[in-house]
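The figures that follow rest on heavy atoms only: side chains count, while hydrogens, waters and symmetry mates do not.
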Amino acid sequence: MITPMKKVTILTVADAVDESLAALRAMEIIHVTPLQAAAGSKVNAAKGELNRVQKALENVPDKAPKGVTAMASDASVSGVSLVDEIQQLMADSKQAEADKEHAEEELSKLGKFGNLDPATVSALAQKGVFVKLYVADVRVDSFDVDGAGSIKEFGSDDNGTYYAVFSMGEAPVAVTGHYSEIAMPAKSLAEYREMEANAKATLARVEKRLGELSGVKNQIESRLSEVTDDYKMAETAAGMVGDSNVAALQGFCPAPRIAELQAAAKKNGWGLLVDDPTEEDNVPTLLGYNKLTKPMQCLYDIIGISPGYNEVDVSSVFLCFFSIFFAMIVGDTAYGILFLAIALFARKKMPKANSAAFHFIYLMSGATILWGVINASFLGFSPEIAGWSAYLDIAYYDFLPEPIRNALYWIRSNAPTDPARFEVYKQFCEGFTFLPQTFIPKAAGASQMQHIQLFCFCIAVVHLSIAHAWNVVVRFKRKSSTFMAQVGWLMGAWVMFFLACNMVLGIEMPGFVIPMFIVEVVLLLLFSVPPSRLKQDFISIPMLVLDIVNSFTDVISYIRLFAVGMSGAAIAEAFNGMLSPLFGSAIGIAGAALILLFVHGLNIALAVMGVAVHAVRLNTLEFSNGLNLEWSGFAFTPFAKQKN
């Protein structure tokens, strides 16, 4: 459920702002909303320190590279000194990178000239001996001196041929040809080579030291928590308003905890004003979970969504149908067992981790295993390829009552292959006289995909009906006449269900569908827009045509559960069939196992992607549209210390 909030304003003595904020932070009770933009020297300084520590942490690897021993954790080494050291290391690294780049650039231009020393060249020039450096493209024109002088070639590369021209006199001799003069370097080439070597040594030293510091990265993370707290404290203080005597802070507090806040105000001498939020207030959402809906916390965190404060909490319905969608898309007993085993192993290794994520995986794994058992789906094996897989089919055993066994067969993609059981099952199918003859399989093992498609449409109409019925109740409680329009949409969901069944599966529509559709249209025309807003929102009435069409596509959208789920099973079955000839020998089985390991790994990845796209969409789009749920909320984040 969405926890009710109260808007609170707290007044404190200006000289006691820091003490008051520290007390509030310890209570973790207020979602602070700044009364003014946070600015000032304290905020800037705290932000600067936060950025400095973050950059330091980013430069320390999670584990030491090969050949480097991580530094042992030492409580006597403070996070402050570690950050200072890392900052110096990064400054050394930055300078070394610049030196290395400069040295490499000079050596790439002048490396052909051996041990060139500009000091020697300068000394010779003072004695009337001139040395000039050139790079010439000899393919275009010959390179020569225009007067008395000598040329020495120092080699070639892609840029051309390198020459040094020696001459005596009052000025350097001129040259001819297609050339570029190369300026003398600031240092000798030996110095540049030494600079390059020193820079590489510095970079190696920095990398090694950062690798060693990976062993104390947790202490740097602790320092990051400290400076984050300092920044939040400075930001919150700067967002308060007041004068030299009094300062005011405003925010939202969960209604059940108001008594705690009132007691703290009395103890600390605060002034406290408690109000109900107005429609203009941007109120955070605090969701309360029980044991059944606790796994939903994990899913909301993964997706990054939250219902708005004035919207409804659909956690229980969302979780229920998400479990069904997850199971139908993944669809394999073995995959479910694998997920469950990984979750149990991880839970054993991380006993103090948040339990919500593990409960979520337990629930999804259990639903997948159940759906896999219902469909006798185990790594895509069938009795025709692997005879032992027949014993994994719960419908194989006689202890199940015949109606339950037939119901299990009915929801599968193929009719039973055993002739005797097929005849009993066929009679069961013939009992559904309202379904067309195409729903009765003609032979043992025949395809019956339309059964699963009908099941998907049934899920759709139930899911969407819950949304519209819920919307009817919400709007009725708000005393809005538009609740009658939601009655129309509720009827429309069933109209579109029957229409989809008729168009896709050939099921004849009942006679009451057309009258129901007429009533739906009348209710939508009369009640979609409240009378008080008829002038402003009149355009939404003609737009109802598109909305009605969209309601049909909403129902059709649920067919994706069939399509995505069956695609994974088809991939597994196809590879099992192709590789079945290899099952006759040990070497063949080993080779087939390696290939199938890759195939099933890919299948699991595709299934998880399908869940992320389709299972989430059906809840956050189709269902949420029916409920007019916009997921416009943001989470309640209390003013509190950073938690590691």
Whether [X] side chain and [Y] backbone form a donor-acceptor pair below 3.5 Å:
| X | Y | answer |
| --- | --- | --- |
| Ser480 | Phe476 | no |
| Asp554 | Glu622 | no |
| Gln486 | Arg475 | no |
| Glu520 | Trp489 | no |
| Ser624 | Asn619 | yes |
| Tyr335 | Asn603 | no |
| Thr293 | Met296 | no |

Of the non-hydrogen atoms in [X] and [Y], which two are nearest, and what is the gap between them?
| X | Y | result |
| --- | --- | --- |
| Leu544 | Ser528 | CD2-OG, 3.8 Å |
| Phe318 | Leu299 | CE2-CD2, 3.4 Å |
| Val83 | Ala56 | CG1-CB, 4.1 Å |
| Asp332 | Ser377 | OD2-OG, 3.3 Å |
| Ala367 | Ala327 | O-CB, 3.3 Å |
| Cys253 | Val8 | CB-CG1, 4.1 Å |

Could you go through Lys6 and Asp275, starting from their C-alpha distance and side-chain angles, then the distance that decides it, and tell me whether this counts as salt bridge (Lys or Arg N to Asp or Glu O under 4.0 Å)? CA-CA 6 Å; Lys6 292 292 185 178; Asp275 289 319; over 6 Å; no

For this output row, return yes or no: ring centroids of [X] and [Y] closer than 6.0 angstrom.
| X | Y | answer |
| --- | --- | --- |
| Trp494 | Phe552 | no |
| Phe498 | Phe517 | no |
| His31 | Phe634 | yes |

Would you indicate whether the side-chain heavy atoms of [Y] and [X] approach each other to under 4.5 Å?
| X | Y | answer |
| --- | --- | --- |
| Met350 | Phe358 | yes |
| Ile324 | Trp371 | no |
| Thr637 | Pro284 | no |
| Leu618 | Leu561 | yes |
| Asp230 | Lys42 | no |
| Ile30 | Leu261 | yes |
| Met491 | Leu523 | yes |
| Val246 | Asp243 | yes |

Between Val32 and Phe252, is the side chain to side chain contact (heavy atoms under 4.5 Å, CB included) condition met? List the steps. CA-CA 7 Å; Val32 177; Phe252 296 93; over 6 Å; no

Taking only Lys NZ, Arg NE, NH1 and NH2, and the carboxylate oxygens of Asp or Glu, determine whether Lys55 and Glu58 approach each other closer than 4.0 Å. no

Output yes when Glu235 and Lys232 qualify as a salt bridge under the 4.0 Å nitrogen-oxygen rule, no when they do not.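 Judged by the 4.0 Å cut-off on N to carboxylate O distance, Glu235 and Lys232 do not form a salt bridge.
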
Scan side-chain atoms only and decide if [X] and [Y] contain a donor-acceptor pair under the 3.5 Å cut-off.
| X | Y | result |
| --- | --- | --- |
| Ser365 | Thr368 | no |
| Asp281 | Thr278 | yes |
| Asn471 | Asn628 | yes |
| Thr12 | Ser20 | yes |
| Gln642 | Thr228 | no |

Working for side chain to side chain contact (heavy atoms under 4.5 Å, CB included), residues Glu28 and Phe639: CA-CA 6 Å; Glu28 301 184 2; Phe639 179 50; over 6 Å; no

Determine, stepwise, if the pair Gln453 / Ile559 fulfils side chain to side chain contact (heavy atoms under 4.5 Å, CB included). CA-CA 6 Å; Gln453 292 172 340; Ile559 203 74; 3.6 Å; yes

Atom [atom1] in [X], atom [atom2] in [Y]: separation rounded to 0.5 Å?
| X | Y | atom1 | atom2 | value |
| --- | --- | --- | --- | --- |
| Phe483 | Phe527 | CZ | CZ | 7.5 Å |
| Lys217 | Ile220 | NZ | CD1 | 8.0 Å |
| Tyr289 | Tyr300 | OH | OH | 6.0 Å |
| Leu338 | Thr333 | CG | OG1 | 12.5 Å |
| Phe455 | Ile452 | CZ | CD1 | 9.5 Å |
| Met240 | Gln36 | CE | CD | 10.0 Å |

As a quick check of understanding, evaluate side chain to side chain contact (heavy atoms under 4.5 Å, CB included) for Phe497 and Cys458, giving each step before the final call. CA-CA 8 Å; Phe497 164 73; Cys458 290; 4.1 Å; yes

Ring-plane angle category for Phe325 and Tyr558, please: parallel below 30°, perpendicular beyond 60°, tilted otherwise.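 Rings of Phe325 and Tyr558: perpendicular, over 60°.
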
When you look at OH of Tyr362, are more than 12 heavy atoms from neighbouring residues, nucleotides or ligands closer to it than 6.0 Å? yes

Salt bridge (Lys or Arg N to Asp or Glu O under 4.0 Å) evaluation trace for Arg223 with Asp84: CA-CA 12 Å; Arg223 176 58 183 163; Asp84 290 341; over 6 Å; no

For Pro61, give me all partners under side chain to side chain contact (heavy atoms under 4.5 Å, CB included), at least two apart in sequence or on another chain. Leu210, Ser214

Walk me through it: do Glu260 and Arg257 pass the test salt bridge (Lys or Arg N to Asp or Glu O under 4.0 Å)? CA-CA 5 Å; Glu260 294 179 50; Arg257 300 191 65 185; 3.1 Å; yes

